[in-house]
Amino acid sequence: MAAQDLAAALRGRLIVSCQAPPGDPMRETATLVRLALSAAAGGGAAIRANEPEVVAAIVAAVDLPVIGLWKDGDTGVYITPTVRHALAVAASGAAVVAADATDRPRPDGSTFAELVAAVHGAGALVMADVATLAEGIAAAGHGADFVSTTLSGYVPGTPKQSGPDLDLVASLSAAISVPVVAEGRVNTPEEAAEALARGAHSVVVGTAITAPTALTARFVGALAPGPDDGAGETARGRTGRLWPTGSRVAPHPASGARPVV
């Protein structure tokens, strides 16, 4: 699919990330395919999936574009870290290959521009996962077809926050002509809608839709006793909704940790 055609199909739409972290009961190809089928049934416009085997299975089962990636490792550049990883994802049938486009060194010594050229040569498009405005501008200059805010908050020096980095979404949307995808810690439909209002072309949601283990843990945490507030009640009080910090949702399980995106 040509970049402009896919961009048109994804404008203002939801992309659902169907992944599970290592050790999670959901991390099984057939289960992730069913998640993708459910996302399609709910109206999702595309699927984001990890590892060639899973990507190929979802491509075969779901009539939606698949944004594929390959996470290898858990430090530094690990989202489609090398040209070899990128070509394997493209060969699995992904319409788009998502890859880390931060300014950190890649394990194989390649540049992001070289990865883009290789993926385009294989007939697929590229989504650049970035953490900063400068990285997004550079990725667009290197030929990325989409730029995503995936890694903001997960790379040293970027703001850690419980919700999406909407300021980065707005800055990127104003600075580049490439479609900007809001991704990372989008916890509610309202945040997704706000991302579009701030200039996002599309929105990726993962944990808030497809991660029952993490979602269960948030509810369990919200029901746990809080510190005494001096009046004989926990900080949750009678509503059972407030955390000691005063926030009205449990801390996102990925805050300050590796994202499941």
Side-chain angles (χ1 to χ4, degrees), residues 1-21 24-71 79-80 86 88-99 119 122-129 145-150 164 169 179-196 200-216 254 259-261:
M1 183 181 293
Q4 60 267 31
D5 294 334
L6 183 56
L10 296 181
R11 181 180 295 278
R13 302 289 302 281
L14 175 69
I15 300 165
V16 181
S17 182
C18 297
Q19 302 180 50
D24 191 282
M26 301 288 286
R27 193 178 174 95
E28 192 268 334
T29 298
T31 299
L32 294 169
V33 168
R34 289 185 179 278
L35 276 180
L37 287 167
S38 296
I47 304 297
R48 181 166 163 128
N50 175 38
E51 298 183 342
E53 176 189 336
V54 176
V55 170
I58 291 176
V59 168
V62 182
D63 189 23
L64 290 176
V66 176
I67 301 164
L69 58 139
W70 187 354
K71 293 178 179 175
I79 297 179
T80 319
V89 173
S92 70
V96 182
V97 176
V119 171
L125 305 175
V126 175
M127 178 176 289
D129 289 350
D145 303 286
F146 300 87
V147 172
S148 176
T149 60
T150 310
V169 169
V180 173
V181 178
E183 181 171 8
R185 304 177 305 277
V186 180
N187 297 315
T188 67
E190 292 75 17
E191 287 178 341
E194 180 64 16
L196 292 182
H201 186 88
S202 308
V203 180
V204 174
V205 178
T207 299
I209 295 176
T210 61
T213 303
L215 293 171
T216 300
V260 182
V261 292

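Scope of the values below: all heavy atoms of this structure, side chains included, with no hydrogens, waters or symmetry mates.
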Legend entry - No-hydrogen, no-angle side-chain donor-acceptor test under 3.5 Å, E183 and S148: yes
Legend entry - Contact summary for A36 and I58, nearest pair of heavy atoms: CB-CG2, 3.8 Å
Legend entry - E53 atom CD: more than 12 heavy-atom contacts under 6.0 Å: no
Legend entry - Contact summary for R48 and A98, nearest pair of heavy atoms: NH1-CB, 3.5 Å
Inset, instruction - Taking the side chain as every heavy atom from C-beta outward, state whether P179 and V147 have any atom pair closer than 4.5 Å. - result: no
Legend entry - Exam field: side chain H201 to backbone A7, donor-acceptor pair closer than 3.5 Å: yes
Inset, instruction - Drop me the distance from M127's CE to T80's OG1, to the nearest 0.5 angstrom. - result: 11.5 Å
Inset, instruction - Give the C-alpha distance, both sets of side-chain angles, the deciding distance and a yes or no for side-chain contact (heavy atoms from CB on, under 4.5 Å) between L215 and T213. - result: CA-CA 6 Å; L215 293 171; T213 303; over 6 Å; no
Inset, instruction - Drop me the distance from N50's CG to C18's SG, to the nearest 0.5 angstrom. - result: 11.5 Å
Inset, instruction - Taking R13 for its side chain and G43 for its backbone only, find out whether a donor-acceptor pair lies under 3.5 Å. - result: yes
Inset, instruction - Quick one: do L69 and K71 satisfy side-chain contact (heavy atoms from CB on, under 4.5 Å)? Show the steps, please. - result: CA-CA 7 Å; L69 58 139; K71 293 178 179 175; 3.7 Å; yes
Inset, instruction - Might you confirm whether atom CG of D5 has over 12 heavy atoms from other residues, nucleotides or ligands at distances under 6.0 Å? - result: yes
Legend entry - Considering all heavy atoms, the nearest A124-A94 contact: CB-O, 3.8 Å
Legend entry - Residue pair V126 / F146, side-chain heavy-atom distance below 4.5 Å: no
Legend entry - Between CE on residue M1 and CG on residue L6, distance to nearest 0.5 Å: 5.5 Å
Inset, instruction - Please determine if E51 and R27 form a salt bridge, counting it only when a charged side-chain N lies under 4.0 Å from a carboxylate O. - result: yes
Inset, instruction - Would you please test I47 and I15 for side-chain contact (heavy atoms from CB on, under 4.5 Å) and show each step? - result: CA-CA 6 Å; I47 304 297; I15 300 165; over 6 Å; no
Inset, instruction - Measure the shortest side-chain to side-chain distance between L14 and V205 over non-hydrogen atoms and say whether it is less than 4.5 angstrom. - result: yes
Inset, instruction - Please step through side-chain contact (heavy atoms from CB on, under 4.5 Å) for the pair V204 and V186, ending with a clear verdict. - result: CA-CA 8 Å; V204 174; V186 180; over 6 Å; no
Inset, instruction - Indicate the atoms forming the closest heavy-atom contact of L35 with T210, along with that distance. - result: CD1-O, 3.8 Å
Legend entry - Nearest heavy atoms of A61 and L37, plus distance in Å: O-CD2, 3.5 Å
Inset, instruction - Give the minimum heavy-atom separation between A49 and V54, together with the two atoms involved. - result: CB-CG1, 4.3 Å
Legend entry - Gap separating the CG atom of L196 from the CD atom of E191, nearest 0.5 angstrom: 12.5 Å
